[in-house]
Amino acid sequence: MLPLLRRAALAATLRGMSQSVFTIEHTDGAARAGVLRTAHGTIPTPIFMPVGTVGSVKALAPDDLAAIGAPIILGNTYHLYLRPGDELVHRRGGLHKFASWPGSILTDSGGFQVFSLSSLRKIREEGVEFRSHLDGSKHLFTPEKVLEIQRNLNSDIMMVLDECVPFGADYAYTEKSLALTTRWAKRAMDAYPPGSAHNLMFGITQGGFYKDLRERSVNELCAMDFDGFAIGGLSVGEPKDKMYDLLYHTAPLLPGEKPRYLMGVGTPLDIATGIHAGVDMFDCVLPTRNARNGTLYTSLGKINIKRREFAEDDGPLDPNCRCYACRNFSRAYLRHLYASQELLSFRLNSLHNLTYFLDLARNARQAIVEGRYMDFLAKITALYPDEAARAAAGS
RNA sequence: GGAGGGGUUCCCGAGUGGCCAAAGGGAACAGACUGUAAAUCUGUCGUCGUAAGACUUCGGUGGUUCAAAUCCACCCCCCUCCA
């Protein structure tokens with residue numbers, strides 16, 4: 001491990017020279033295979049980033065994540081600020097040290113909580129006021145404050161504060177919200193200009209499900225020198241075909257030389273589709289949450305391990321999977337662990353699903369490098385026919 | 001031997017004349033889950049039927065009543081206390 005100062009200095013050099021933060025090595029159509037560098041490592045892209053909201057990927061230890069080759073995980077500004085507190089984490093040397101996580105960390109800004117905790121917040125010009133879901137206390141999150149929190153956490157990739165707008169918001173509201181998100185992004189950039197430190201900062205585009213607003217958002221955001229750009233506000237309750245429509249419309253508008261991040265997405269098909277549209281980074285709670293709820297992704301499709309049909313199935317969960325769960329346990333045993341609510345069920349299932357998602361990105365990258373991404377996408381599409389049908393419904 | 005309490009749909013358990021195929025919980029079965037208020041949530045759960053509805057069911061048998069899981073009689077079984 002590099003001494004802290006030297007690492008910071010090195011990373012500070014990286015920031016402001018966007019060329020060296022992100023390098024695209026191969027393309028296949030719009031799909032890109034690249035490398036993203038942070039203060040805590042090198043990340044091959046496309047990449048799937050496991051979500052560890054409160055500083056832990058639920059049910060897993062850093063060793064587990066290392067075993068499946070996860071180079072970067074997420075943390076959350078809102079949750080870590082409330083508990084245990086970003087300053088407490090700062091005093092313990094940052095989130096990496098506190099959580100014993102040697103890889104990279106991207107932190108979400110709390111923008112998603114504007115959506116998911118909408119009944120507990122008020123949006124104002126200066127920021128978002130949340131009523132804590134833990135104790136009801138009030139907290140103001142401004143664009144500047146969330147960066148301060150993320151710097152205390154020592155996040156490798158900080159996200160700017162945005163308003164994640166629900167599906168169904170009308171044009172007038174979405175337009176107004178978008179303008180606010182853009183003003184917040186400007187304030188973030190002012191508070192933390194390029195070269196300030198080694199923490200990278202990504203902007204988030206919004207615009208709901210109106211293409212002209214998406215374009216406006218991209219134009220306004222990309223005029224600013226962020227280290228990467230995210231597409232936010234997708235997968236917020238919309239039909240699948242709408243989501244893909246917006247995805248294909250928005251991704252190509254983002255600057256080609258910078259990393260593109262599709263926030264909170266998604267299913268394996270969503271990810272494969274996102275990569276096809278030119279996205280480099282993904283995160284989603286789906287593999288970990290579904291793992292805890294018994295839904296597992298395999299090379300043979302999605303299966304629900306609770307089902308009776310697996311009660312005496314002695315085969316591995318996924319014969320083509322390299323993970324610890326698949327190498328050592330039968331479907332019958334995994335079903336039993338789930339039914340018995342054994343904690344090992346969470347760990348093995350999470351380990352497996354994340355392996356699947358990480359491998360999905362790895363295999364996608366390989367396909368791009370070898371110039372056969374369309375074949376890869378076709379293969380994934382065939383694995384999830386119901387979802388693919390929903391995606392095709394409106395087109 | 002005496003006194004008391006109880007047997008309800010797979011399990012626990014509510015229900016003491018009609019609003020009861022019978023609350024609630026569990027189990028079981030199936031589904032959902034997308035920048036994590038999620039080890040959460042939803043549905044089904046006597047039989048037949050797409051449905052309307054029909055039929056069978058509350059330890060057993062018989063009875064009272066227009067109507068019984070609920071009232072009465074007898075019988076079978078379980079539990080507690082006393083001797």
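- For Thr288(A), the side-chain atoms get nearest to U36(B) when compared with the rest of C33(B), U36(B), G31(B).
- Following rounding to the nearest Å, Phe48(A) (CZ) and G35(B) (P) show an atom-to-atom distance of 9 Å.
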Between protein and nucleotides 37-43 of chain B, what N or O pairs are separated by less than 3.5 Å?
| unit_1 | atom_1 | unit_2 | atom_2 | d |
| --- | --- | --- | --- | --- |
| A37(B) | OP2 | Ser116(A) | OG | 2.6 |
| A37(B) | O5' | His79(A) | NE2 | 3.1 |
| A38(B) | O2' | Arg292(A) | NH2 | 3.4 |
| A38(B) | N7 | Arg289(A) | NH1 | 3.2 |
| A38(B) | N7 | Arg289(A) | NH2 | 2.8 |
| A39(B) | OP2 | Arg292(A) | NE | 3.0 |
| A39(B) | OP2 | Arg292(A) | NH2 | 3.3 |
| U40(B) | O4 | Asn293(A) | OD1 | 3.1 |

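- In this structure, the CG atom of Leu354(A) is 16 Å from the P atom of U34(B), given to the nearest Å.
- Asn76(A) comes within 4.0 angstrom of the backbone, heavy atoms only, and of no base.
- Taking atom C1' on both nucleotides, G46(B) is separated from A38(B) by 34 Å, rounded to a whole Å.
- The closest donor-acceptor contact from the side chain of Arg331(A) to the backbone of Pro316(A) lies under 3.5 Å.
- Note: NZ (Lys302(A)) to P (U34(B)) measures 11 Å, nearest angstrom.
- In this entry the distance linking CG of Asn304(A) with P of A28(B) reads 13 Å, nearest Å.
- Of the side-chain N and O atoms in Arg335(A), one or more sit less than 4.0 angstrom from OP1 or OP2 of C29(B).
- The CG atom of Asn353(A) sits 14 Å away from the P atom of U34(B) (whole-angstrom rounding).
- Taking a 4.0 Å limit (strictly below) on heavy-atom distances, residues 81-89 of chain A does not reach RNA chain B anywhere.
- Here the CD1 atom belonging to Ile123(A) is positioned 5.5 Å from the CH2 atom belonging to Trp184(A), to the nearest 0.5 angstrom.
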